[in-house]
Amino acid sequence: MSINPLMPVYPRCDVRPVRGEHCHLIGEDGRRFLDFASGIAVNALGHSHEGLIGAIQRQAETLMHCSNLYGSPQGEHLSKRLVGLTFADTVFFTNSGAEAVECAIKAARAYHQHVGDEHRHELITFNNAFHGRTMGTISASSQEKMHKGFKPLLAGFSYCEFDDLAAAEAAIGPNTAGFLIEPIQGEGGIRIASDEFMVGLRALCDRHDLLLVLDEVQTGVARTGTFYAHEQFGIDPDILATAKGIGGGFPLGACLATEKAARGMEFGSHGSTYGGNPLAIAASEAVLDVVANDAFLAEVQAKGNQLRGRIEQFIGNYPEWFELVRGRGLLIGLKMKVEPRPFVAHLRDRHDLLTVSAGDNVVRILPPLVIDDSHIDEFMDKLSAGAASYDPAETA
Ligand SMILES: *Cc1c(COP(=O)(O)O)cnc(C)c1O
C-alpha cells in the first residue's frame with residue numbers, strides 16, 4: 001500500500017502548524033508564520049481568542065450535542081440574533097459552506113414547487129464561481145477542474161458570464177428558479193460584481209418572480225467591512241449561504257432566508273444531524289459578540305483601506321510582477337502578471353508569511369479581522385522582503 005492514509009486530495013505544503021497564537025501560526029519545528037490566510041477566511045478572531053475558547057470550553061462542559069429532534073434554546077437564540085442582523089426571517093444551521101449552499105439550492109427549488117411552478121428548478125450561476133465540493137455545489141460551478149472524474153453532474157444549473165447583466169437577463173428561461181452568485185468571487189480571484197450588476201439581478205428577480213441566492217460563505221460575517229457584503233451593493237437577497245467566519249474556526253454554516261423564500265421548507269423536508277448543535281452555536285455567539293457591531297465593522301473597513309492602500313503604493317515598485325490590488329474590507333486580492341502560486345510559496349517558505357492563491361492570477365490576503373497596525377507593518381515588511389528576493393526562474 002502506498003496511498004497516504006490521509007487521502008491525498010490536497011497538495012499539502014511543508015508548513016505543519018501545531019499551535020496558533022493570535023495572528024501567527026507555529027509549525028511543528030517551531031517556525032512562526034504571520035497568518036494572513038486565516039484558514040481561508042475562517043479564523044476571524046485569529047487563533048487562541050479567549051472569548052471563543054471560553055465559550056467552547058463552557059459549552060463543552062454543559063452540553064455538546066443532543067439532536068435536532070429536541071427544542072434548541074441555543075439555536076433559537078442565535079437564529080433570532082442573525083434575523084435581527086440581516087434581511088432574513090429564518091435560519092437553517094449546517095456544518096459547512098457547501099451544506100449551506102445545498103440548503104439554499106433546495107430552498108430555491110422548493111419555493112417554486114410550493115407555488116406550483118414545478119418546472120422552475122434551474123439556477124443560473126456565474127463563470128469561475130466556487131460554491132463547494134458536494135455534487136450539487138460542483139454542478140453549480142462552471143469550473144471544469146472540479147468536475148473531472150465526478151460526472152455526471154446534477155441537472156438544474158446553467159452558467160453565465162460574471163458581471164454581465166445583459167447575459168444574465170438573456171439566460172432567463174421558462175425553467176429558471178433564480179440566480180446563485182457570490183457578490184465578490186473569492187476562489188475566483190476577489191472579483192467584485194459591480195453595483196449595477198447586483199442591483200440589476202435584484203430587479204430581474206423581482207420582475208420574473210425569481211430568487212436571488214447569494215453565496216456569502218467567504219464574504220460574510222464582517223470580512224468585507226459590513227456584516228454581509230450585499231449590504232454594500234444596496235440590495236437584499238431572498239436566500240443567503242454563510243459559513244467560514246461564522247464559527248471562527250468551529251465548523252458551522254447557515255442558510256438564511258426570507259419567510260417567502262423559505263415557503264417550501266416544510267416539516268421533514270430537510271435536516272442535519274450535527275447542524276447547529278449547542279457547541280457550534282456557542283462558538284458562533286462568541287464570534288458575533290466581537291464582530292457584529294458598527295464599531296468593529298468600521299475598524300475592518302479602516303484596516304482594510306489602510307492595508308490595501310499600502311499594498312497599492314508598494315506594488316508600484318514592481319510593475320513587472322504586480323498588476324493591481326482590489327477587495328473590500330479585509331478580503332483583498334493582489335493580482336499578479338505572472339502565475340501567483342510560486343510567489344505564494346516563496347512568501348511562505350522564505351519569509352514565513354501565509355497567503356492563499358486564487359483564480360485570475362490573484363494572491364488572496366485574508367488576515368484575521370482582529371489585526372492591528374503591528375500586523376500590517378509585519379505583513380508589509382515580509383511582502384517587500386519577499387518581492388525583493390523573488391526570482392521566478394529560481395522557484396519554477
Ligand atoms: C469555501 C467556500 C464554500 C465551501 O465551503 P466549505 O465549508 O468548504 O464547504 C462555498 N462557497 C464559497 C464562496 C466559499 O468560499
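Here the structure is a predicted model, which means the values were calculated and not measured. Both counts, for ligands and for their atoms, begin at 1 and track the order of listing.
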Evaluation steps, ring pair (Phe, Tyr, Trp, His ring centres under 6.0 Å), between Phe322 and Phe343: CA-CA 11 Å; Phe322 303 115; Phe343 186 62; 5.5 Å; yes
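Ionic pairing of Asp360 and Arg326 is present here: one or more N-O contacts between side-chain nitrogen and carboxylate oxygen are shorter than 4.0 angstrom. Look at Arg81 and Asp289 and you find a salt bridge, because one of the NZ, NE, NH1 or NH2 atoms lies within 4.0 Å of a carboxylate O, short of that distance.
Residues satisfying the ring-ring contact (aromatic ring centres under 6.0 Å, His included) test with Tyr159, not counting sequence neighbours, are none.
Contact shell of ligand 1 (protein heavy atoms, cutoff 4.0 Å): Ser96, Gly97, Ala98, Phe130, His131, Gly132, Glu182, Asp215, Val217, Gln218, Lys244.
Aromatic ring orientation, His375 versus His24: tilted (interplanar angle from 30° to 60°). Classification of the Tyr390-His346 ring pair by plane angle, with boundaries at 30° and 60°, yields tilted.
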